[in-house]
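These notes are about the structure you will find just below.
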Amino acid sequence: MATHSEVASPQMTEQLDNEEVREILKNTTDLRQYSRQIEKEFKEVENKSIEDYIAESQNIANLHNQINDCDDVLERMENMLMSFQSVLNNISTEITQLQRKSVSMSLQLTNRQSVKAQLSQFIEDMAVSEEMITIIMETPVTERDFSSQLNVLNHKLSLVKELSFKESKSTSDVSDVLHKLRLKAMTKIRSYLLEQIYKFRKPMTNYQIPQNAMLKHKFFFEFILSNERHVAQEICSEYIDTMGKIYYSYFKSYSTRLTSLKFEESCTKDDLMGIEDNASKGLFSKTTSLKHKSTIFTIGKRGDILNQQLEAPIIVPHAQLKNRYTVEALFRSEQYALVDNACREYLFVTEFFMVRGSQAQDLFNQIMGKTLTLMIKTLETSIHDCYDTIAMFLCIHLIFRYQLMCHKRCVPALDKYWDSLQSVIWPRLEHVFRLNIQSIHDCDPTKFNKELGPHYITRRYAEFSAAIVGISEHFPNELVSRLLLELQNEVECFILRMAAIFPTRKDQLIYLINNYDLVLGVLMEHTRDNSKEAEAFREQLNARSNEYVEEILAPHFGGIIQFVKECEHFFEKEQMDELRKQERRSLALVASFSANWKKSLEELNREVLLSFPSLLTGSQLLQLALASLVQYYHRFHKLLTPNARAQLTNIHVVMVEIKKYKSNY
């Protein structure tokens with residue numbers, strides 16, 4: 001059967017038909033004949049096609065059979081795949097069901113485990129083992145097993161108490177046993193703690209030992225407090241009563257014995273700063289006075305009590321019967337003993353009795369209150385007739401340092417006590433301070449000897465002021481600063497009144513310089529160079545020194561100094577004619593200077609060095625005088641006429657001579 005491999009488009013087919021028709025019309029005249037011819041050809045083609053089909057009929061039949069076979073195979077495969085799809089759908093459904101079952105089983109397992117854990121813990125917490133009963137009933141409280149089982153018992157008691165509020169029936173099974181164990185444990189613990197407290201009452205007992213034993217078993221009190229508050233209150237009250245009496249007795253005895261170690265010859269109102277010096281009077285008359293240690297106006301080594309000796313061992317009275325101590329030394333020993341005991345006691349009660357803040361303060365006051373009141377009254381008695389201002393001021397600063405020490409140890413319980421001590425000391429300190437100021441104000445300069453050296457009252461003031469300023473350097477105080485200023489003003493007035501008894505200005509200046517120099521030297525030795533007191537006296541010393549230099553130069557070189565002061569303004573205004581009019585006067589001054597200047601320098605040197613007990617001060621004043629002389633000499637040289645200048649001693653010669661008096665101090 002013939003086939004066309006290509007298919008012509010309608011336009012092409014139409015075009016071919018038209019051409020074929022034209023060709024037929026062109027070559028054939030009879031269309032019927034041409035039609036029969038065409039029909040014949042169709043028959044021939046049809047016959048050939050039938051023959052071809054008959055010839056291929058077997059193959060076509062085979063092909064048909066094969067297609068049927070394929071259809072059968074495909075149908076079976078379709079059935080098989082459909083079967084597989086059905087199976088897979090069933091498997092997917094089963095997997096989903098299994099997943100649901102797995103989640104459900106997992107949740108059930110989790111719930112069961114949770115219930116099991118809680119139930120197991122509950123059973124364990126509720127069950128009372130034979131071991132616990134045996135240990136609580138028979139084992140001594142100091143054994144570790146007892147403490148361990150006591151913790152367990154406390155936990156069970158807390159649980160039963162909690163469940164009883166929820167009306168849990170399970171508590172009825174064990175409550176009776178736990179109650180009996182609680183009573184037994186309470187009885188043993190109470191006996192043990194009271195036994196430890198009673199140990200404090202034995203004479204010569206080191207009460208740190210029973211305190212440490214109680215701290216080692218501090219859970220005992222916690223157990224009692226959580227289970228039987230009235231027993232806890234009993235133990236606490238017993239401890240307060242015992243320790244309160246112990247501390248009171250100890251510090252009462254210690255204060256009394258310390259008092260016997262005080263210097264027998266104490267300071268009195270006759271030992272004020274402005275009182276006349278009399279060797280037969282109180283303070284320095286016996287070997288048991290302050291004489292061999294220091295005076296009441298000089299700090300000496302007494303200031304060490306605020307530094308190196310602040311935490312030194314306390315004084316043991318029976319071991320120091322032959323020694324005598326200052327007021328501040330006894331005060332330090334007593335207060336340091338208190339600090340040591342009070343800090344340890346406060347830390348003990350806060351840890352053992354589990355109190356904080358105001359509760360800890362109240363408990364501490366119940367224990368130490370009576371003792372602290374005793375010590376305040378003891379201080380009031382001892383300070384009532386004290387006239388040693390430095391001692392009282394040292395006591396104030398001991399309080400500052402011990403209060404700071406308590407804060408570093410996290411013990412605020414003594415703050416009110418320290419304030420009370422200060423309220424006792426400050427009024428007395430101010431009173432005695434003002435008595436000293438008044439004593440200087442009341443001094444009569446005419447009763448003292450006319451001596452150009454430093455007055456002993458000035459020395460007292462210098463040492464006293466240096467001591468007070470040095471002590472208060474780290475803890476300045478407005479009241480003390482004000483009192484020091486009043487004292488300084490009074491002393492300056494006294495020095496001026498004393499200077500007024502000397503007839504000549506030069507002697508007055510020598511007296512003033514000696515006293516100012518003494519005060520400044522002592523202040524600079526013991527305090528900072530830039531202290532207010534040192535600056536004030538430095539200004540006074542410089543002013544009086546310059547005035548003294550003018551005073552001692554005047555007898556020897558007064559003519560030259562006067563000439564310079566009177567004629568220098570002529571030179572500045574270039575009035576040379578006026579200077580030339582002074583030539584005769586200047587020649588006389590030149591001649592006098594040339595004849596006497598070396599002798600004058602010697603007398604100046606001798607006079608200055610003899611007038612001042614301090615070689616350093618005398619040397620400094622001499623150098624100041626010589627420097628001033630050189631300046632006047634230079635100014636004098638510029639004012640001279642050429643004739644007079646030619647006769648004047650060369651300045652280099654004068655300088656060489658002056659260098660001979662240069663001091664090595």
Side-chain angles (χ1 to χ4, degrees), residues 125-126 128 132-133 135-168 170-201 207 210-247 344-370 411-413:
D125 291 340
M126 293 294 290
V128 181
M132 173 189 288
I133 296 173
I135 291 175
I136 295 296
M137 298 295 291
E138 300 176 2
T139 304
V141 295
T142 54
E143 296 291 332
R144 182 179 298 179
D145 289 343
F146 181 85
S147 297
S148 176
Q149 292 300 326
L150 187 67
N151 272 283
V152 177
L153 175 61
N154 189 54
H155 175 71
K156 293 181 184 297
L157 289 170
S158 300
L159 179 62
V160 169
K161 186 184 297 183
E162 180 183 348
L163 291 174
S164 64
F165 290 115
K166 299 178 181 180
E167 299 181 357
S168 176
S170 59
T171 59
S172 59
D173 296 336
V174 294
S175 58
D176 187 53
V177 176
L178 291 177
H179 176 69
K180 292 179 180 178
L181 288 177
R182 180 178 66 83
L183 291 178
K184 182 63 177 179
M186 294 276 292
T187 303
K188 295 173 70 174
I189 291 172
R190 176 183 175 277
S191 299
Y192 172 77
L193 292 180
L194 291 177
E195 178 185 349
Q196 297 302 312
I197 293 173
Y198 294 151
K199 286 181 180 179
F200 294 126
R201 301 178 180 180
Y207 49 84
Q211 275 187 340
N212 291 335
M214 292 173 71
L215 283 177
K216 184 178 179 182
H217 302 97
K218 60 183 179 180
F219 179 71
F220 290 173
F221 186 80
E222 182 181 348
F223 178 82
I224 291 177
L225 186 64
S226 61
N227 290 282
E228 204 67 60
R229 285 189 171 271
H230 75 274
V231 177
Q233 184 61 44
E234 177 193 5
I235 293 171
C236 187
S237 299
E238 196 69 33
Y239 180 84
I240 290 171
D241 181 63
T242 300
M243 294 307 297
K245 291 178 179 178
I246 289 173
Y247 283 126
R344 185 172 57 248
E345 187 63 33
Y346 181 82
L347 296 174
F348 171 80
V349 298
T350 54
E351 184 175 359
F352 184 80
F353 293 107
M354 299 180 297
V355 288
R356 294 290 183 273
S358 59
Q359 290 184 333
Q361 183 70 58
D362 292 343
L363 183 56
F364 178 82
N365 289 340
Q366 292 179 55
I367 297 171
M368 299 292 297
K370 191 176 178 182
V411 179

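Scope of the values below: all heavy atoms of this structure, side chains included, with no hydrogens, waters or symmetry mates. A quick note: this is a predicted structure, and the numbers were derived from the prediction, not measured.
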| request: Enter the distance from F200:CZ to T242:OG1 here, rounded to the nearest 0.5 Å. | output: 8.0 Å

| request: Would you give the length of the straight line joining atom CG of L215 to atom CG of L347, rounded to the nearest 0.5 angstrom? | output: 10.0 Å

| Contact check, side chains of S147 and T142, non-hydrogen atoms, under 4.5 Å | no

| Heavy atoms, side chains only, cut-off 4.5 Å: are L181 and K156 in contact? | no

| query | Would you say the side-chain atoms of K370 pair up with the backbone N or O of Y247, donor to acceptor, closer than 3.5 Å? | reply | no

| request: Using a 4.5 Å cut-off on heavy atoms from C-beta on, say whether the side chain of L194 contacts that of E234. | output: yes

| query | Taking the six-membered ring where the residue is Trp, are the ring centres of F348 and Y239 under 6.0 Å apart? | reply | yes

| request: Consider only side-chain N and O atoms of S191 and E195, and report whether a donor and an acceptor are under 3.5 Å apart. | output: no

| said: For E222, give me all partners under side-chain hydrogen bond (donor to acceptor under 3.5 Å, both in side chains), at least two apart in sequence or on another chain. | reply: none

| field | Nearest heavy-atom neighbours spanning N227 and N154 | value | ND2-OD1, 3.1 Å

| request: Mind listing the closest non-hydrogen atom pair of L363 and C236 along with its distance? | output: CD1-SG, 3.7 Å

| said: Less than 4.5 Å apart, side chain to side chain, heavy atoms only: is that true for K180 and K184? | reply: no

| request: Indicate whether any N or O donor in one side chain lies under 3.5 Å from an N or O acceptor in the other, for Q211 and E345. | output: yes

| Contact check, side chains of L150 and I189, non-hydrogen atoms, under 4.5 Å | yes

| query | side chain to side chain donor-acceptor pair (under 3.5 Å): which pairs involve residues 347-359, sequence neighbours left out? | reply | K218-E351

| query | How far apart are the C-alpha atoms of R229 and L225, what are their side-chain angles, what is the distance that settles it, and do they pass the side-chain contact (heavy atoms from CB on, under 4.5 Å) test? | reply | CA-CA 5 Å; R229 285 189 171 271; L225 186 64; 3.5 Å; yes

| Between atom CE of M132 and atom OG of S148, what is the distance when rounded to the nearest 0.5 Å? | 8.5 Å

| said: Quick check for you: to the nearest 0.5 Å, what is the distance between K188 atom NZ and L193 atom CG? | reply: 13.0 Å

| said: Return the CD to CD distance between Q196 and E238, rounded to the nearest 0.5 Å. | reply: 13.5 Å

| field | Spatial distance of atom CD1 (I240) from atom CD1 (I197) [nearest 0.5 Å] | value | 9.5 Å

| message | If you count heavy atoms of other groups shown closer than 6.0 angstrom to NZ of K245, is the number above 12? | response | no

| Salt bridge or not for E228 and R190, using N-O below 4.0 Å? | no

| Among F352, F223, F146, Y192, the one residue meeting ring-ring contact (aromatic ring centres under 6.0 Å, His included) with H217 | Y192

| Does a donor on one side chain and an acceptor on the other come within less than 3.5 Å for Y346 and Q361? | no

